Amino acid sequence: MTAVTDQDHTDEMDHVTHAGDAVAAQDEHPENASPVEGDSEATPANGLPVEAAEETGAPEDADDHARVRADADTSGRTESKASADPTDPEESTGSWDDGLIARRVNETTAAQQAAAVEIRASRAQAAHSAHAAQAAHVPAPLAYDGPLRSRLDALRELVGLSRTRLDSGTLAEAGRVLDEAAARRRLSGQHTVVAIAGATGSGKSQLFNALAGVAISETGVRRPTTAAPIACSWSDGAATLIDRLGIPGRLRRRPLQSAEMEAQLRGLVLVDLPDHDSAAVAHREQVDRVLALVDAVIWVVDPEKYADAILHERYLRPMAGHAEVMFVVLNQIDRLPGEAADQVLDDLRRLLDEDGIALGEYGEPGATVLSLSALTGDGIPELREVLGQFVGDRGAAARRISADVDAAAWRLRPVYATGRRTGLSEEARDEFAARLADSVGATAAGEAAERAWLRNANRACGTPWLRLWRWYNDRREPTTGRLPISAQADEEATARQRVEQAVRTVADRASGGLPAPWAQAVREAAVRGSQGLPEALDELAARAGLPVGRPPRPGWWPAAVLAQASMTILQVVGGLWLVGQIIGFMAPNLGVPVLLMVAGIIGGPLVEWSCRMAARGPARRYGLDAERRLREAAAGCGRARVLDPLAAELLRYREVREQYARVTGAGIGAG
């Protein structure tokens with residue numbers, strides 16, 4: 001057997017630099033301060049092995065420097081005396097050397113200086129070679145496979161797209177997973193960090209010592225016994241991994257030097273944690289911190305507390321997705337008589353199944369459940385064998401990161417997936433455009449255009465007497481218009497309310513089925529777009545309303561005007577003929593003038609009626625065209641100010657939903 005030494009030479013250098021930590025480690029773990037019985041290696045007073053102390057070279061370097069400085073001072077003083085003026089009374093008084101001693105001293109000093117320089121150069125070269133050898137043996141970093149890299153990239157993209165829509169607390173866990181995945185990837189891929197966790201008195205420190213083959217972690221009846229995490233590594237190159245756990249050098253150990261055990265557990269870094277139910281808050285915080293960083297965990301339970309609610313509700317149930325990197329060990333089976341151990345183990349499996357933890361039985365992936373006794377050693381070889389196969393696969397770290405991604409995706413599911421179809425349908429868009437058109441009075445504007453066209457037609461094709469009557473009525477109407485000012489204000493208020501109602505309706509349609517954060521973002525985009533929308537619609541209505549000037553006339557209008565003029569001429573001719581007959585200017589003949597007047601009187605309204613019937617179609621088309629232009633203008637304004645921002649928010653949601661589907665590795669249902 002050999003002494004329990006620190007993890008590696010890198011850690012030993014850290015020990016030399018922090019001598020106080022080494023002393024504290026000896027006080028805390030007295031059984032580790034001295035070699036195990038039968039060890040032939042000598043241990044210096046500082047607690048380091050001989051080879052570690054020789055490698056550091058700190059004390060010898062200090063002595064060499066001191067001797068060189070003393071020799072240099074002596075040499076300097078001797079040379080100064082030899083070169084002094086012999087006639088000087090102060091220098092000649094008591095001076096008995098003749099220069100021979102000074103020359104011998106100079107020669108000796110020069111030789112010592114040359115030897116010291118040679119020693120320092122050789123040690124610097126040795127240190128450089130040691131660093132080069134250490135760099136040559138640095139383990140390769142962890143490598144993720146294609147699917148896991150794709151999921152991590154999707155999660156990173158998802159977080160980036162969601163930062164402006166979700167609060168930092170919602171994305172905190174996803175950000176932590178990304179940071180830890182990047183940090184773990186830069187470290188060794190040849191080592192697997194496994195933590196041993198358990199409740200007070202479960203015997204996890206005994207199991208830790210049993211796996212190491214030597215008493216490393218302190219055990220006893222005092223509670224809590226383990227106050228800080230202790231790491232034990234079965235191979236070199238794991239210093240950076242242990243640094244990531246925040247375990248100082250004085251708490252890093254090496255297992256029993258055994259070729260069989262090292263070959264079986266090569267690459268394992270075992271960490272003994274404080275009690276997860278410790279009365280000390282700092283202990284529980286350390287447990288939670290380290291559990292978030294290790295690659296796998298061994299949960300140690302005992303027959304008394306294997307069904308503890310704290311263990312199942314706080315740890316096992318939330319970590320159900322990490323079953324593939326989880327071991328559950330029933331310890332202290334030596335306390336159970338007969339078949340009681342099998343019964344307790346079956347009940348433990350039942351509780352784990354209720355927690356949602358998949359059990360790795362019949363070759364299926366899941367947690368490994370074993371029973372053993374760390375005190376008697378029963379079941380330890382089986383655990384060591386399973387643990388060796390687990391570490392040898394070199395896949396625990398990637399499976400842990402994959403399980404962390406699954407857990408982060410599950411926490412984010414309420415803000416990305418609802419199972420309902422989302423989006424803005426064409427029906428909702430058309431309804432919004434129709435509401436805006438109604439708010440600017442597109443229908444009324446079309447009807448007004450139609451009436452204007454008909455009125456223009458009547459003025460061109462109507463009888464002169466009817467046109468004279470209409471002109472007289474127009475002169476009697478007030479020039480300020482027919483609508484009072486209060487009616488116009490009420491109409492404007494009503495139009496503004498219609499616009500606001502249309503915006504609220506389309507926002508509700510667009511946000512329907514979306515998760516709460518994205519629905520809120522859609523509604524906020526609609527509110528921002530509605531600002532200034534009524535004024536913009538009024539301006540568009542003024543520009544796209546009735547055209548300036550009279551409506552256009554069809555080609556048949558000149559013929560209608562000529563026919564109406566002919567009917568008027570007939571009336572005038574017939575009337576003048578009758579007047580001439582009455583005054584005796586013309587011979588009496590009532591038939592012809594009366595016929596002319598009747599033809600003109602009947603023909604004029606008939607021509608006007610015919611023109612009105614013929615004008616209905618063009619007037620209707622003219623009114624519909626005016627209404628269409630106003631509707632298109634209102635729809636374009638509403639699309640630019642409201643619908644496009646809503647579509648942008650919905651597109652962003654579809655993008656993050658696609659990224660979320662990549663993170664989960666599967667579809668997320670409808671919508």
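Just so we're clear, the structure is a prediction, and the values are computed from it rather than from any experiment.
Between L187 and R184 the shortest side-chain heavy-atom distance falls below 4.5 Å. Using a 4.5 Å cut-off on side-chain heavy atoms (C-beta onward), Q659 and R654 make no contact. Side-chain contact check for L291 versus V297: some heavy-atom pair is nearer than 4.5 Å.
The OG1 atom of T192 sits 11.5 Å away from atom CG of L270, with the distance rounded to the nearest 0.5 Å. We find the CG-CG distance between L336 and D302 to be 9.5 Å, quoted to the nearest 0.5 Å. In this structure, CG in D272 is found 4.5 Å from NZ in K204, a value given to the nearest 0.5 Å. C232 contributes atom SG, which lies 7.5 Å from atom CG of L268 (distance to the nearest 0.5 angstrom). Going from atom CG of L293 over to atom CD1 of I242 covers 13.0 Å, rounded to the nearest 0.5 Å. To the nearest 0.5 Å, atoms CD (Q206) and CG (L375) are separated by 5.5 Å.
Under a 4.0 Å N-O distance rule, the pair D277/K305 qualifies as a salt bridge. Under 4.0 Å is where a charged nitrogen must lie from a carboxylate oxygen, and between R662 and E157 no such pair does. One finds no salt bridge joining D179 and R176 here, because no Lys/Arg side-chain nitrogen approaches an Asp/Glu carboxylate oxygen to under 4.0 Å. A salt bridge links R350 with D347; the closest basic N to acidic carboxylate O contact falls under 4.0 Å.
Across every non-hydrogen atom of R151 and S402, the tightest pair is NH1-OG, 3.0 Å. Closest heavy-atom contact between L148 and A398: CD2-O, 3.7 Å. For the residue pair A210 and I380, the shortest heavy atom distance occurs at CB-CD1, 4.1 Å. Across every non-hydrogen atom of L178 and L152, the tightest pair is CD2-O, 3.6 Å. The minimum heavy-atom distance between N331 and S373, with the atom names listed, is OD1-CA, 3.6 Å. For W234 against A212, the heavy-atom pair with the smallest separation is CZ2-CA, 3.8 Å.
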Exercise. Would you please test L273 and I196 for side chain to side chain contact (heavy atoms under 4.5 Å, CB included) and show each step?
Key: CA-CA 6 Å; L273 297 180; I196 298 183; over 6 Å; no

Quiz prompt | L370 and L330: CA distance, side-chain angles, deciding distance, side chain to side chain contact (heavy atoms under 4.5 Å, CB included) verdict | solution = CA-CA 6 Å; L370 298 173; L330 176 63; over 6 Å; no

Self-check item: V391 vs L265, side chain to side chain contact (heavy atoms under 4.5 Å, CB included): CA-CA, chis, key distance, verdict
Solution: CA-CA 7 Å; V391 174; L265 299 179; 5.6 Å; no

Practice problem: Decide side chain to side chain contact (heavy atoms under 4.5 Å, CB included) for F208 and V300; before the verdict, give the C-alpha distance in whole Å, the side-chain angles of both, and the deciding distance to 0.1 Å. | Solution: CA-CA 10 Å; F208 182 81; V300 182; over 6 Å; no

Quiz prompt | CA sep, side-chain torsions, deciding dist, call: R400, D295, salt bridge (Lys or Arg N to Asp or Glu O under 4.0 Å) | solution = CA-CA 6 Å; R400 169 62 195 261; D295 301 328; over 6 Å; no

Exercise. Run the numbers on S150 and D153 for side-chain hydrogen bond (donor to acceptor under 3.5 Å, both in side chains), then give the verdict.
Key: CA-CA 5 Å; S150 176; D153 293 341; over 6 Å; no

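Looking at D288 and Y315, their side chains do bring a donor and an acceptor atom within 3.5 Å of each other. A donor-acceptor contact closer than 3.5 angstrom is absent between the side chains of D243 and T240. Side-chain polar atoms of S202 and Y306 form no donor-acceptor pair below 3.5 angstrom.
Not one N or O on the side chain of D353 forms a donor-acceptor pair closer than 3.5 Å with the backbone of R349. At least one donor-acceptor pair under 3.5 Å links the side chain of Y144 to the backbone N or O of A181. Between the side chain of R253 and the main chain of R250, a donor-acceptor pair closer than 3.5 Å is present. Between the E324 side chain and the A396 main chain, no donor and acceptor come within less than 3.5 Å of each other. Side chain of D378 to main chain of L372: no donor-acceptor pair is present (N/O by atom type, distance under 3.5 Å, no hydrogens or angles). Formation of a donor-acceptor pair under 3.5 Å by the R394 side chain with backbone atoms of Q190 is found in this model.
Of the listed residues (E180, R399, H322), just one forms a side-chain contact (heavy atoms from CB on, under 4.5 Å) with D404, and that residue is H322.
For CD of E339, the number of neighbouring non-hydrogen atoms (other residues, nucleotides, ligands) closer than 6.0 Å is 12 at most. Counting heavy-atom neighbours within 6.0 Å of R289 CZ, excluding the residue itself, gives a total above 12. Shown here is L651, whose CG atom has more than 12 heavy atoms of other residues, nucleotides or ligands within 6.0 Å.
Ring orientation note: the planes of Y653 and W518 are tilted relative to one another, at an angle of 30° to 60°.
Aromatic ring centres of F327 and F390 lie closer together than 6.0 Å.
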